[in-house]
Amino acid sequence: MTTFRTSPGMRDLLGDDAARRRAFDSAFVTVVGAAGYEQIVPPILEDIGVFSRIGEATDVVSKEMYDFVDRGGRHVALRPEQTASVCRAFVEHRPSLPYKAWYSGPNFRYEKPQRGRQRQFDQVGVEVLGTDDPYADVEVIAIGWDFLTSLGLADVDLVLNSLGDPEDRRRFSEAVGEHLRAHVGELSEQSRETLERNPLRVLDSKRAEDAPIIAGAPRIEEFWSPEAAEHFAAVRDGLDRIGVPWRLDGGLVRGLDYYRRTTFEFRSGALDSAQNALGGGGRYDGLVEDLGGPATPGIGFAIGVERTLIACDVESVFPGPAGGVEVFVVDTTGGSEALALSTELRRAGRSVDRGFGGRSMKAQMKAADRSGAELALIIGEDEAASDTVTARFLRGVRPQEQWPRAETAARVAAALAESKPPEMTES
RNA sequence: GUGGGCGUAGCUCAGGUGGUUAGAGCGUCAGGUUGUGGCCCUGAAGGCCGGGGGUUCAAGUCCCCUCGCUCACCCCA
């Protein structure tokens, strides 16, 4: 018999891992919901043209796309990221401005898998379309920062840069290319290859032999237009105003071609430097137009879920919820009593589990213990005959009691209310 | 895509230079307690040793191929 396992770079999330993933989402929703963002759920599959606009020169588009021709002859692809999809949806539906949206879901890139780099990976993110206000940049960055902080992460750096306007970026790229080609003999082999494809990305190199040449390279700020410089100054002032710490890095060049002006990255000191980016984003004022829409400015970020959870593990924060039920029903009369009682309690709003298969009381009690339940409700021959249940308290010293069957739901409610600490009231 | 390391029970791992029925801890199940979990004790189930081929009287162990994971590079979240 052949067995199957997950495809390379894809994995199952069970039990606690799935619960943690859900809690991660919910922490994100708390932050973006508080800022007036609405959810968008674009399809996972799009016409490949949607993603080509990310940049034909990028690896993400040129080498890593999961694309195929469907039965109708359409050339489609699984999304490698979601910004392009959101912009396509924006053009298709034209929501009112500014359009502030958040998303959470899987993306696909055909790469060699590694820890913190899956072929199917989840991202959460936000996009703001329709305003070029620098304080929109600040809001977006602050949301990312506050979200990571809310998870308990402490060892995170916000790295900031501005690529200027498209013309600035083009001139800068040219000047950098010129400089690097003048020193091509001193560059590392990898950087020489990168130079051919995208000179700016050489600035990202962390190899020691490249450092002196990079240090002597032209600096981006010399190429900023007055407008771009002013925009970036406002972004930095805004971050200072709300106490989000940042660090300038003129070498920050993100992987996708559509960025202009503000770019940023959240880096974790808890991860290896090769994969220390938890997420990042920037301004992409031309993308909506590239997708056939009206000239519309945009800014957003995406945060990698798996990688961020690894950082949480290293920092020992965000363990995720414990799970479990409140009540476990033990039935040694054959199971129909547990069926009836657990259904009744569930309909009354309690979380209840029970055993199957008519196992011994000892086995059922073990299961009750493992279920995490506060309370075990036991129905044996005696209880069935006397129309009662035995309530056994699993987490404390309270002795077990016998309750009239008809009062069970009310008694359970009272017992659970007593064992829980009083709810804190929001001020 | 390139190179290194590693694949033994559900999980974490032992298994010098090849040598009968492949082990431990944890977990699971059952019993010790003929109606009571956690602690303790006893027992059981559970592996074609990632897959295929080769060398050998004999392969978990050596060789080749392959798949997967992992690390580095590349790239990126």
Side-chain angles (χ1 to χ4, degrees), chain A residues 1-11 14-15 54-55 57-64 80-83 105-125 144 148 188-194 197-198 201-202 204-207 253-256 265-268 271-281 301-311 328 330-333 355 357 359-385 390-397 399-400 402:
Chain A
M1 191 66 186
T2 47
T3 57
F4 296 98
R5 44 187 311 166
T6 53
S7 263
M10 316 213 167
R11 53 187 45 169
L14 279 72
I54 293 168
T58 64
D59 282 8
V60 168
V61 170
S62 63
K63 304 199 307 209
E64 300 171 357
E81 56 119 44
Q82 292 178 66
T83 300
N107 307 297
F108 302 82
R109 293 182 193 173
Y110 193 90
E111 295 184 281
K112 183 146 177 176
Q114 231 181 80
R115 202 162 94 101
R117 194 178 68 183
Q118 257 72 57
R119 284 183 180 172
Q120 177 178 335
F121 62 102
D122 292 302
Q123 283 184 333
V124 295
L148 293 173
S188 66
E189 196 186 324
Q190 292 94 331
S191 288
R192 283 202 293 272
E193 287 170 24
T194 308
R197 299 196 306 273
N198 187 345
R201 292 211 58 81
V202 177
D204 243 353
S205 166
K206 297 178 179 82
R207 285 171 285 274
V253 181
R254 308 237 342 124
L256 308 176
E265 202 165 273
F266 300 108
R267 291 185 188 156
S268 168
L271 299 180
D272 292 334
S273 64
Q275 289 178 39
N276 64 357
L278 301 179
F301 70 73
I303 287 176
V305 175
E306 291 82 1
R307 197 171 284 182
T308 301
L309 285 175
I310 291 171
F328 194 99
V330 171
D331 177 357
T332 57
T333 71
R359 303 209 295 155
S360 72
M361 171 165 292
K362 177 173 176 161
Q364 292 189 55
M365 285 301 295
K366 275 184 117 152
D369 187 48
R370 274 196 302 264
S371 75
E374 188 78 27
L375 189 59
L377 296 178
I378 303 166
I379 303 176
E381 300 300 340
D382 296 348
E383 287 85 352
T390 294
R392 184 168 176 82
F393 302 90
L394 266 16
R395 312 294 160 199
V397 293
Q400 68 182 38
Q402 199 153 13

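Every chain is numbered from 1, with letters handed out A, B, ... down the list of sequences.
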Please classify the nucleic acid contact of R115(A) as base, sugar-phosphate, or nothing, using heavy-atom distances under 4.0 Å. sugar-phosphate
B/S/- along nucleotides 42-51 of chain B (protein heavy atoms under 4.0 Å) is ----------
For RNA chain B, write out the stems as range with range, using runs of 3 or more consecutive Watson-Crick or G-U pairs with both distances under 3.5 Å. B:1-7 with B:67-73, B:10-13 with B:23-26, B:28-32 with B:40-44, B:50-54 with B:62-66
Look for any protein N or O under 3.5 Å of an N or O in nucleotides 29-34 of chain B and output each such pair with its distance, or none.
unit_1, atom_1, unit_2, atom_2, d
rC29(B), OP1, R359(A), NH2, 3.4
rC29(B), OP1, R370(A), NH2, 3.3
rC29(B), O3', R359(A), NH1, 3.4
rA30(B), OP1, R359(A), NH1, 3.2
rG32(B), N7, K362(A), NZ, 3.1
rG32(B), O6, K362(A), NZ, 3.3

Euclidean distance, atom CD of residue E265(A) to atom P of rC76(B) [Å, nearest integer]: 10 Å
What one-letter contact string describes nucleotides 1-6 of chain B from 5' to 3', where B marks a base within less than 4.0 Å of any protein heavy atom, S marks contact via sugar-phosphate atoms alone, and - marks no contact? BBB---
Answer yes or no: side-chain N or O of Q400(A) and base N or O of rG35(B) forming a donor-acceptor pair under 3.5 Å. no
Rounded C1' spacing from rG18(B) to rC63(B) in Å: 13 Å
Using a 3.5 Å cut-off and no angle test, enumerate the donor-acceptor pairs between side-chain atoms of residues 376-385 of chain A and protein atoms at least two apart in sequence or in another chain.
unit_1, atom_1, unit_2, atom_2, d
E383(A), OE1, G380(A), N, 2.9
E383(A), OE2, T390(A), OG1, 2.5

Looking at rC76(B), I'd like to know if its phosphate oxygens (OP1 or OP2) sit under 4.0 Å from a side-chain N or O belonging to R109(A). no
Test of understanding: with side chain to side chain donor-acceptor pair (under 3.5 Å), list the residues that count as partners of T83(A), not counting sequence neighbours. E127(A)
Residues in side chain to side chain donor-acceptor pair (under 3.5 Å) contact with E81(A), at least two apart in sequence or another chain: Y258(A)
Can you sort out the partners of N107(A) under side chain to side chain donor-acceptor pair (under 3.5 Å), two or more places apart, ordered by chain and number? R79(A), Q82(A), Q123(A)
I'd like to know if Q364(A) reaches the base of rU36(B) with its side chain, counting only an N/O donor and acceptor under 3.5 Å. no
Is there, by distance only and without an angle test, a donor paired with an acceptor across the side chain of R5(A) and the base of rG68(B) below 3.5 Å? no
Give me the distance, rounded to whole Å, that separates rC26(B) from rA45(B) when you measure between the C1' atoms they each carry. 16 Å
For F266(A), which residues count as a ring pair (Phe, Tyr, Trp, His ring centres under 6.0 Å) partner, sequence neighbours excluded? F264(A)
In short, side chain to side chain donor-acceptor pair (under 3.5 Å) pairs touching residues 110-120 of chain A with sequence neighbours left out are Q114(A)-Q275(A)
Determine the Euclidean distance between corresponding P atoms of rU61(B) and rG19(B); express it in Å to zero decimal places. 10 Å
Just checking G116(A): base, sugar-phosphate only, or nothing, at a heavy-atom cut-off of under 4.0 Å? base
When the P atoms of rU28(B) and rG10(B) are compared, how many Å lie between them, rounded to an integer? 15 Å
Contacts table for residues 361-370 of chain A: side-chain donor-acceptor under 3.5 angstrom, sequence neighbours left out:
unit_1, atom_1, unit_2, atom_2, d
Q364(A), OE1, D331(A), N, 2.9
Q364(A), NE2, D331(A), O, 3.0
Q364(A), NE2, R359(A), O, 2.7
D369(A), OD1, R395(A), NH1, 3.1

If the P atom of rG46(B) is compared with that of rC6(B), how far apart are they to the nearest Å? 31 Å
